[in-house]
> 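One structure coming up, written as structure tokens, with questions to follow.
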2 protein chains.
Amino acid sequence: MNVTLRQLRAFTGVYRTRSITRAARELGITQSAASLLIQQLESQLGVKLFDRSTRSVQPTLAADDAFQSAERMLSDALGLSRRMRDLAQARAGRVAFVASAGAASALLPAVLARFRAAHPDIEIDMRDVAADDLVPRMIATDAEFAIGSVEGEIAEMTVETLTRGRLSAIGRRTADFAARRSLTWDELAERPTIAMRRETRIRMQIDQALGPQGKRLTPTYEVTLINTALAMTAQGLGLAILPATMLPAEQFPTLIARPLVRPAITRPVSLLQRQGRTLSPAAQAFVSTARAVLAQRTGRGS
Amino acid sequence: MNVTLRQLRAFTGVYRTRSITRAARELGITQSAASLLIQQLESQLGVKLFDRSTRSVQPTLAADDAFQSAERMLSDALGLSRRMRDLAQARAGRVAFVASAGAASALLPAVLARFRAAHPDIEIDMRDVAADDLVPRMIATDAEFAIGSVEGEIAEMTVETLTRGRLSAIGRRTADFAARRSLTWDELAERPTIAMRRETRIRMQIDQALGPQGKRLTPTYEVTLINTALAMTAQGLGLAILPATMLPAEQFPTLIARPLVRPAITRPVSLLQRQGRTLSPAAQAFVSTARAVLAQRTGRGS
DNA sequence: GACATTCATAGGCAAAGCTCATGAATTGAT
DNA sequence: ATCAATTCATGAGCTTTGCCTATGAATGTC
């Protein structure tokens, strides 16, 4: 058998109190148990630690020597427990994840704000990447999860749809536009529109979905960055054709989104995780915050 | 129950080998025992440490975090064991003791040399004091023992006589003097003598012992320091009246000691220890070295 | 698809660990 | 000086822990 922390606890207790009885009380064990623990420790270390009579318990020089190591180990043990408890309660730690640029700019700011309020000491490492890089970066780095639009299966990963954003027309809150429940794709032809360039994921999905229906989007403007599209829309240059989830209400308070139908095209906001790997408590907390925020958002319409 | 070092050993093993089976082999336990230890640790820390499937054992972030503390504690534990083993074997540590000036100059140098050869890493703290200070210093300081001439009992202390030095006449190795087995006190009257001053312990003892016999020492010279007496003797100024144990043969190779008889007066060389306190292994080793050296010395005549 | 490897779990047994009771030594009070 | 009180050590007995063997489930390999 080897030295145990139990023995060391008894040892430091006796060393400090100079009494086996008192130390035992502190530890919540009987005096005889404490006595045995000291004896064991002495025999395992091969050193007498206390000169004891019924009347006094005097530490030997060896005990003076051992005391420091013992204290350090015990405080390390306590520190470890505390640290793990903090990690478990997401009061310490770090969340590293990948987010597509779209999610990062529109969806996640709210999540981040809420998460930070609840878990102020968690380090957040959000890697915002172009949509195409989402999965490769997730695979290549130590990110615990990824948030973005992913369709289909990916090896070694689980994909879960958090919410679906309907492709929408985003425009200024004019009486006319605000009155609409929805717009059809056909109706867009009559109006100036701002869409993403053909190379982008969003646009590719639109074209793929409309093609079989014999329809086609012919935008007035084509841009690369979502923000550009929204800024142009805010200027009244036309309707932006985007998932509603990509409209940050705080940033563009004058804009509103109205779903496009016939056909309704939806785009998932997905959560990507490594299969068979548990998220750290901090990451779990983050994910559930994200769920909560997205649920609200969906509730008030998307 | 609390975290145990056993669990931590299993943990670091698994962490390093990324395998419960291999770690178990290292620890000399079965795979199932190791598996249980990990489970216990996880439940006690409230944190998942490994994502395990039958095919892989992946440390979580919490495990990365915990690993360092765990390693430190284990190496502390090892260090403690080793340190205590060194102390036990008197391969490390420190001996603090008090020695009367006489013992320190004549008896102990040989002991120190031998002890140091056998225990090169032990720190030695020898406090050499005047004979009268021996006991007070022993009581007041943290010295583990004292060596010097002590008669009678002392509270809280054990007094053990290591050897007895006979009061002797010390003189140059002349054919005449060397031929003598012993001298009587009466014979001293015919010769020049060098004795310690009346205030010294040695002298007081001589006077007390001779008084009842109606005898009296009337020295030619009276000095305070033993070394002075010996140096004078070496110069041929007379016979030094001292315990034979106080003649350091190495320092005064020309001098020899011959016991004084009628009456024979002896003076103990005592070992003083605190009652009920064990000596540190280093001190024990020192004391037994002292015994061995003194035994030799007694053997070759004093 | 059979095989081998690895982790988890259950049952059973030995050992450790604790408590309770008691004894021995020592101190302090009556 | 005797007695009560305190404190540490020890032994008996019971509970809990800890380990091993055996087996099952999952997964990657040939």
> Does anything in residues 42-65 of chain B pair up under ring-ring contact (aromatic ring centres under 6.0 Å, His included), and if so which pairs, sequence neighbours excluded?
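Non-adjacent pairs meeting ring-ring contact (aromatic ring centres under 6.0 Å, His included): B:F11-B:F50.
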> Give the B/S/- string for nucleotides 3-15 of chain D, one per nucleotide from 5' to 3', where a protein heavy atom under 4.0 Å of the base yields B, of only the sugar-phosphate yields S, and otherwise -.
---BBBBB-----
> Going by the rule salt bridge (Lys or Arg N to Asp or Glu O under 4.0 Å), which residues pair with B:E26 if we only count those two or more places apart in sequence or in a different chain?
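Partners of B:E26 under the salt bridge (Lys or Arg N to Asp or Glu O under 4.0 Å) test: none.
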> Whole Å only: how far is the CZ atom of B:F50 from the P atom of C:dA8?
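Rounding to the nearest Å, CZ of B:F50 and P of C:dA8 are 11 Å apart.
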> Write down the distance between CG (A:N2) and C1' (C:dG17), rounded to a whole number of angstrom.
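For the pair A:N2 CG and C:dG17 C1', the rounded distance is 17 Å.
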> Taking the side chain as every heavy atom from C-beta outward, state whether B:D121 and B:R91 have any pair of such atoms under 4.5 Å apart.
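A side-chain contact under 4.5 Å is absent here.
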> For A:I29 and C:dC20, give me the distance from atom CD1 to atom C1', rounded to whole Å.
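It is 14 Å, rounded to the nearest whole Å.
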> Mind checking if B:Q7 touches a base, just sugar-phosphate, or nothing, with heavy atoms under 4.0 Å?
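It contacts nothing in the nucleic acid.
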> Round to the nearest Å and state the distance from B:I38 atom CD1 to C:dT6 atom C1'.
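Interatomic distance, CD1 of B:I38 to C1' of C:dT6: 15 Å.
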> Could you tell me which residues satisfy side chain to side chain donor-acceptor pair (under 3.5 Å) with A:S75, sequence neighbours excluded, listed by chain and number?
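So A:S75 forms no side chain to side chain donor-acceptor pair (under 3.5 Å) with any residue.
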> Starting at atom CD of B:Q40, determine the distance to atom C1' of C:dA8, rounded to an integer number of angstrom.
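Rounding to the nearest Å, CD of B:Q40 and C1' of C:dA8 are 14 Å apart.
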> With sequence neighbours excluded, what pairs up with B:R9 under the salt bridge (Lys or Arg N to Asp or Glu O under 4.0 Å) test?
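Expected list: none.
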> Expressed as a whole number of angstroms, how long is the span from B:R6:CZ to C:dA15:P?
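The answer, rounded to whole Å, is 14 Å.
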> Report all side-chain donor-acceptor pairs from residues 58-73 of chain B shorter than 3.5 Å, counting only partners two or more places apart or in another chain.
from  : atom 1 : to    : atom 2 : distance (Å)
B:T60 : OG1    : B:K48 : O      : 2.8
B:T60 : OG1    : B:L49 : O      : 3.2
B:T60 : OG1    : B:A62 : N      : 3.4
B:T60 : OG1    : B:A63 : N      : 3.3
B:D64 : OD1    : B:Y15 : OH     : 2.5
B:D65 : OD1    : A:R83 : NE     : 2.9
B:D65 : OD2    : A:R83 : NE     : 3.1
B:D65 : OD2    : A:R83 : NH2    : 2.6
B:R72 : NE     : A:D76 : OD2    : 3.1
B:R72 : NH2    : A:D76 : OD1    : 2.7
B:R72 : NH2    : A:D76 : OD2    : 3.1

> By the 4.0 Å heavy-atom rule, please label B:A33 as base, sugar-phosphate, or nothing.
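Result for B:A33 = sugar-phosphate.
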> Just how far, in rounded Å, is P of D:dA26 from CD of A:Q275?
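From A:Q275 CD to D:dA26 P: 15 Å.
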> Tell me: CG of B:L5 to C1' of D:dG18, nearest whole Å?
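Rounding to the nearest Å, CG of B:L5 and C1' of D:dG18 are 16 Å apart.
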